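For reference, the structure is listed below as structure tokens.
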Number of protein chains: 2
Amino acid sequence: MSDQFTLEDVNVALSPMERFEEYLQSKGKRVTQPRRILVDHVFSKHEHFDADTLIDELSKMAAGPNRVSRPTVYRSLTELVEAGLLRKLDIAGRAVYEHDYGYPDHDHLYCTQCQQLFEFHSEELAKIRDAVAKEQHFRVTGHKFIVNGVCVECQHKARRPKRKVDLI
Amino acid sequence: MSDQFTLEDVNVALSPMERFEEYLQSKGKRVTQPRRILVDHVFSKHEHFDADTLIDELSKMAAGPNRVSRPTVYRSLTELVEAGLLRKLDIAGRAVYEHDYGYPDHDHLYCTQCQQLFEFHSEELAKIRDAVAKEQHFRVTGHKFIVNGVCVECQHKARRPKRKVDLI
DNA sequence: TGTCTTATTGAGACATAGACTCAACACAAA
DNA sequence: TTTGTGTTGAGTCTATGTCTCAATAAGACA
């Protein structure tokens, strides 16, 4: 987090759900029960997750009338990305989501051994990006930077097989 | 291309097929007709392509006994990536391939309008990457950096709909 | 050059993530 | 409360890629 407010920070007083409601209203969309359940769940913890995990968790959480269907999960994820609440990453061909709203810019180190993501921030990166873009008269809207490799932990435990299908 | 030879350049005298044969032999694999046809075709032009396009082109090219089947295309692409002849990119969730062997390091600007990829090279990028990694004691094996935005051409022709399903 | 072992191939089934269709439903405005 | 319309969930469909397995063809060796 930064020490001073930027324009972006002003709205951070709003909860994710409130922020989402703003977005929905601006689009003439409705604030429904499934969308509420999903947003509450997604923002209840700060972790990277994929659609499938979310579908599982939601169906476990509320088996009855309060469950959220697969299509709705996919639809809502797309909306949340559009609304700027979530960011979508492509890790090794898989779609992975993370919080965007109220969370500082960052990129990722991806350990190809344990599949964990590590966040980092670099000011210079954006500068390079913008410089290159300017040179080619390219209008930048964003970027994806993922560094592949092996994390400290995995370097140490060398080739002892561990968490494989664990969380990304 | 650089002005001076590096160790990497030494083997560039070999054609992609020759290079691939080296790899196959080192793995106890066989130099077969389908693999030859595929490599020849892939390296006959320097473009980004996806598996599907390749399958189409190959089936058009040689309908008879010389055709290459879908499974073989997928298998060979994997081998070519392993052999270091091709690089695999994930653009907006799609797998896209490009020449790696004998081709200088670079990253990409991706125009979300016309879906075209533009290449660029930045020395600083690798430096930043390595600095960040060092800080976190992360052993780097590679990276993916894709800058999203709108290319000059698309900025100019504004919102006139054009090439959509065109080549990536 | 013929023989034999074994990697490779192609056909087709299977897997998976995600999108689409549509009738029933529920939000929110009047 | 009523009503118009956006939303939902069940189920189907599509795209991309993988797996299985019998038939084939490299290529090593005689």
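By convention in this document, chain letters (A, B, ...) are assigned in the order of the sequence lines, proteins followed by strands, and residues within each chain are numbered from 1. Treat the numbers as computed from the prediction; the structure is a model and nothing was measured.
For R94(B), a side-chain nitrogen or oxygen approaches OP1 or OP2 of dT16(D) to under 4.0 Å. Phosphate proximity of dG18(C) to Y74(A): present, with a side-chain N or O under 4.0 Å from OP1 or OP2. The phosphate of dA25(D) has neither OP1 nor OP2 within less than 4.0 Å of any side-chain N or O from T32(B). Contact annotation: S69(A) does not reach the phosphate of dA10(D) (side-chain N/O to OP1 or OP2, under 4.0 Å). Using a 4.0 Å cut-off, some side-chain N or O of R35(B) falls inside it from OP1 or OP2 of dT8(C).
The side chain of A51(A) sits closest to dG18(C) out of dA10(D), dA13(C), dG18(C). Minimum atom distance to the side chain of K29(A) is reached by dT7(D), of the listed dA26(D), dT7(D), dA19(C).
Residues H106(B) and R87(B) form a side-chain contact, since some pair of their non-hydrogen atoms from C-beta on lies under 4.5 Å apart.
Salt-bridge formation is not detected for the pair E124(A)/R129(B): no Lys NZ or Arg NE/NH1/NH2 atom is positioned less than 4.0 Å from an Asp or Glu carboxylate oxygen.
Judged by atom type and distance alone, R67(B) does not reach the base of dG10(C) through any side-chain donor-acceptor pair under 3.5 Å. If you check distances only, the side chain of R70(B) does reach the base of dG17(D) with a donor-acceptor pair under 3.5 Å. Checked by distance alone, R75(B) brings no side-chain donor or acceptor within 3.5 Å of a matching partner on the base of dG17(D).
No donor-acceptor distance shorter than 3.5 angstrom exists from the side chain of T72(B) to the backbone of V68(B), with no hydrogens or angles considered.
Atom CD of Q25(B) and atom C1' of dA7(C) are 14 Å apart (whole Å). Atom CG in L24(B) sits about 13 Å away from atom P in dA28(D), given to the nearest Å. Atom CG of D56(A) and atom P of dA17(C) are 10 Å apart (whole Å). Rounded to whole angstrom, the span from the CG atom of D52(A) across to the P atom of dA15(C) amounts to 15 Å.
Atoms CD1 and OG1, from I37(A) and T32(A) in turn, are 8.5 Å apart once rounded to the nearest 0.5 Å.
For the salt bridge (Lys or Arg N to Asp or Glu O under 4.0 Å) with E79(B), the lone residue among K88(B), R30(B), K29(B) that qualifies is K29(B).
In this structure, P71(B) reaches the bases: a heavy-atom distance under 4.0 Å links it to at least one base atom across the strands shown.
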